[in-house]
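One structure, pasted below without further comment.
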Amino acid sequence: LRGSDAPIPESRLHILKTHQPSRVPCFRSYIVCVWGNLIVQRIAQRVGGSSWDPKLCFTLRGWARPVYSMKSQLRCSLGHAVTPPVARSSCSRKQRLRQSCTCQAQPSQRSERSLGVARSSTVEMADTQGSEAESEVTIRRRPPSGYMQQSCGPVKFRVEATDLNTPRNILEEIIWFKAQEVDDMKVREPLQRLMLKTSGGGIKPRDFVGAIRAKQEATQRPGLIAEVKKASPSRGVIQANFNHVKIAKEYEAGGAACLSVLTDSRYFQGSFDFLQEIRLAGVKCPLLCKDFIVEGYQLYKALAYGADACLLIASVLPNRDLELLIKVAKKLKLQQLIEVHTVGELERVLKLELDPATTLLGINNRNLETFEVSLDNTRAIMESPAGQQVKERGLLMVGESGIFTPDDVAFVQKAGCSAILVGESLVKQADTTTAVMQLLA
């Protein structure tokens, strides 16, 4: 950079200006962040005098790779060619620095045009993909104006909340918090540690879909996925004397095909430890990790703690995220329950390649806008062309929410559901074994 006195065009600093602040997971990254910001500040002062634009501040999340990425992006933004790794290995570091310093600061018109075209096409592609993903989902993954609090080592920054930054419903509030919670999980229990737990071959997921099909054939009734749930945002604490292992064993004794275990701690008072302790207690029913999954890290954690299947919510995840998470789940041999709320979401999900042997679909009868629960939602969706396609493709459909009596079970079964997911009406009973038998009678 010192080898050229030519001014740096404003357009070349677009990469530095587009970096947004993000949370720093550890003190080491905080030091790297400060170091990187000082470099950018020095460059900005050399280019534009003493003026310093705070928007040039950006945050580095990792260690060596982000540092090299910053150098490469900076050299590209200034018009320098980045030497490929193969060619770079044949010369020393001093030679590489000398070559980079003697490069022309102003690229040719052709290279300038090619850089501009590549840059504009990349931005347009990213904008198109982002807008398509946003149009697919009804739940925003993060606050539009950023989180109200940002941590950078020991320093915390706060911004004023706006109406646009207010969650539209409880599910959106949960998802916004979940993104920060997952970042904290990664610090406490890194992905490498989870991969070590799952790579030994000791954890072998069981056949979640197969257990439901077997129970349905044996009883001619929908297979029951009984939910181990202590609390909910709308009802508060459902069962004061909550013993997750005892409830799980009673569900199994009553005839449940599978179990759903809430692992969200803030809103449902669940825990991943519940999964592990139920599995270690000898419960034979396959276990569904019921959490709000937004990253592949959560799938590794679910497997490490004993889950056999995972929940993916279509109103939160666009198709490209669903496709990625399904691939990760298949690699881990985790089966998937994909939850939809509307006919439109079901039509979108059916565009994916879904394996009837490892994937279930679920209809949540709760309206995300009004929070009203109606079993008519199941009937309307199953009577639609998308619902008929579900039957033709041999996919199991699960009825969720609003199921309290044997008449409700018969209603969703007649609509086309092969399984039901029930939690609140069972877990609040003193004798959950009898409650399960009465529901399936």
Side-chain angles (χ1 to χ4, degrees), residues 205-230 232 238-239 242-262 268 270 274-275 278-279 281-290 307-311 335-339 356 358-366 373 375 377-379 382 390 395-441:
R206 297 163 292 191
D207 189 359
F208 191 90
V209 178
I212 294 177
R213 291 187 186 275
K215 185 67 70 171
Q216 181 192 21
E217 293 175 359
T219 62
Q220 298 301 311
R221 301 284 283 169
L224 172 63
I225 305 173
E227 195 159 73
V228 181
K229 177 167 66 174
K230 180 179 181 179
S232 70
I238 301 172
Q239 176 58 268
F242 183 78
N243 186 325
H244 51 282
V245 174
K246 176 177 177 291
I247 292 173
K249 290 183 175 181
E250 291 179 351
Y251 280 160
E252 187 175 42
C258 300
L259 304 182
S260 169
V261 183
L262 266 297
F268 292 87
F274 292 174
L275 266 176
I278 291 173
R279 182 76 179 257
V283 176
K284 302 299 182 183
C285 289
L287 306 178
L288 170 73
C289 174
K290 190 170 184 183
D308 305 291
C310 60
L311 174 69
Q335 298 183 2
Q336 316 94 43
L337 170 59
I338 303 177
E339 178 181 286
T358 59
T359 304
L360 305 92
L361 299 176
I363 299 175
N364 194 321
N365 296 304
R366 188 182 302 277
V373 178
L375 295 180
N377 187 47
T378 295
R379 180 171 57 186
M382 293 305 295
V390 170
L395 294 164
L396 288 183
M397 182 62 78
V398 183
E400 306 175 27
S401 298
I403 302 173
F404 297 94
T405 66
D407 292 338
D408 296 334
V409 176
F411 182 90
V412 296
Q413 183 180 16
K414 184 178 180 181
C417 292
S418 303
I420 53 174
L421 192 151
V422 184
E424 181 181 336
S425 63
L426 296 177
V427 76
K428 67 182 181 182
Q429 304 297 329
D431 186 357
T432 52
T433 300
T434 304
V436 170
M437 292 180 177
Q438 292 175 352
L439 182 67
L440 298 177

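Keep in mind it's a predicted model, so treat the numbers as computed, not measured. These numbers come from the heavy atoms of this one structure, side chains and all, not from hydrogens, waters or symmetry mates.
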What pairs with Arg279 under salt bridge (charged side-chain N to carboxylate O under 4.0 Å, His left out), at least two apart in sequence or on another chain?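 Here the qualifying residues are Asp308.
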So which heavy atom on Pro205 is nearest to which on Ala307, and how close?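 It is CB-O, 4.4 Å.
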Counting C-beta onward and ignoring hydrogens, is there a side-chain heavy-atom pair between Leu311 and Glu339 closer than 4.5 Å?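 Sidechains of Glu339 and Leu311: in contact.
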Heavy-atom pair with the smallest gap, counting every atom of Glu400 and Gly362: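 It is OE2-CA, 3.3 Å.
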For the atom pair CG (Leu262) and SG (Cys289), what is the distance rounded to the nearest 0.5 Å?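 So the CG of Leu262 and the SG of Cys289 are separated by 9.0 Å.
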Taking the side chain from Gln335 and the backbone from Phe208, do they hold a donor-acceptor pair closer than 3.5 Å?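 Looks like yes, one N/O pair under 3.5 Å.
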Taking side chain as C-beta onward, heavy atoms only, is His244 less than 4.5 Å from Val261?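 His244 does not reach Val261 side chain to side chain.
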Can you measure from NZ (Lys230) to CG (Asn243) and round to the nearest 0.5 angstrom?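 The NZ atom of Lys230 sits 10.5 Å away from the CG atom of Asn243.
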Heavy-atom distance under 4.5 Å between the side chains of Ile363 and Val412, does that happen here?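 The answer is no; the side chains never approach within 4.5 Å.
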Return the minimal non-hydrogen interatomic distance between Pro222 and Ile420, and the atom names on each side.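 Heavy atoms only, the tightest pair is CB-CG2, 4.2 Å.
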Taking side chain as C-beta onward, heavy atoms only, is Arg206 less than 4.5 Å from Cys258?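 Contact flag for Arg206/Cys258 side chains = no.
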Ignoring hydrogens and angles, tell me if any N or O in the side chain of Gln239 forms a donor-acceptor pair with the backbone of Val427 under 3.5 Å.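 Present.
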Distance in Å, Lys414 NZ paired with Met382 CE, rounded so as to fall on 0.5 Å steps: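 Reported value, rounded in 0.5 Å steps: 14.0 Å.
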Exam field: side chain Asn365 to backbone Thr378, donor-acceptor pair closer than 3.5 Å: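 At least one qualifying donor-acceptor pair exists.
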Enter the distance from Thr219:OG1 to Leu440:CG here, rounded to the nearest 0.5 Å.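 Taking OG1 in Thr219 and CG in Leu440, the distance rounds to 7.0 Å.
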Do Leu439 and Asp408 touch side chain to side chain, with heavy atoms closer than 4.5 Å?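 Leu439 vs Asp408: side chains apart.
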Check whether Tyr251 reaches the backbone of Glu227 with its side chain - one donor and one acceptor, N or O, closer than 3.5 Å.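 Checked: pair present.
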Taking all non-hydrogen atoms of both residues, which atom of Ile212 and which atom of Ala419 are closest, and how far apart?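 Taking every non-hydrogen atom into account, CG2-CB, 3.7 Å.
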Any salt bridge linking Glu217 with Arg213? Criterion: basic side-chain nitrogen under 4.0 Å from a carboxylate oxygen.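 Looking at Arg213 together with Glu217, the answer is no, because their closest N to O distance does not fall below 4.0 Å.
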When you measure from the side chain of Ser418 to the backbone N and O of Met397, does any donor-acceptor pair fall under 3.5 Å?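 No; judged by distance alone, with no hydrogens or angles, the pair does not exist.
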Mind checking the CD1-NZ spacing from Ile238 to Lys428? Nearest 0.5 Å is all I need.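 So the gap between those two atoms works out to 8.5 Å.
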If I take atom OG1 from residue Thr433 and atom CD1 from residue Ile247, how far apart are they, to the nearest 0.5 angstrom?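 These two atoms lie 10.5 Å from each other.
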Are the side chains of Leu224 and Leu426 in touch, meaning some heavy atoms are under 4.5 Å apart?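 Leu224 reaches Leu426 side chain to side chain.
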How close do Ala248 and Ile278 get, heavy atom to heavy atom, and via which atoms?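 Reported closest heavy-atom pair: CB-CG2, 3.8 Å.
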Non-hydrogen side-chain atoms of Leu337 and Leu421 separated by less than 4.5 Å: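 Yes, side chains in contact.
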Begin from the C-alpha positions of Glu252 and Leu259 and carry the test side chain to side chain contact (heavy atoms under 4.5 Å, CB included) through to its verdict. CA-CA 8 Å; Glu252 187 175 42; Leu259 304 182; 5.6 Å; no
Taking Glu424 for the side chain and Ser401 for the main chain, is one N or O donor matched with an acceptor at less than 3.5 Å?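 No.
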When the ring centroid of Phe274 is compared with that of Phe242, is the distance short of 6.0 Å?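 Phe274 vs Phe242: aromatic centres under 6.0 Å.
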Might you point out which heavy atoms bring Ala441 and Arg221 nearest each other, and give the distance in Å?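 What the structure gives for the nearest pair is O-NH2, 3.4 Å.
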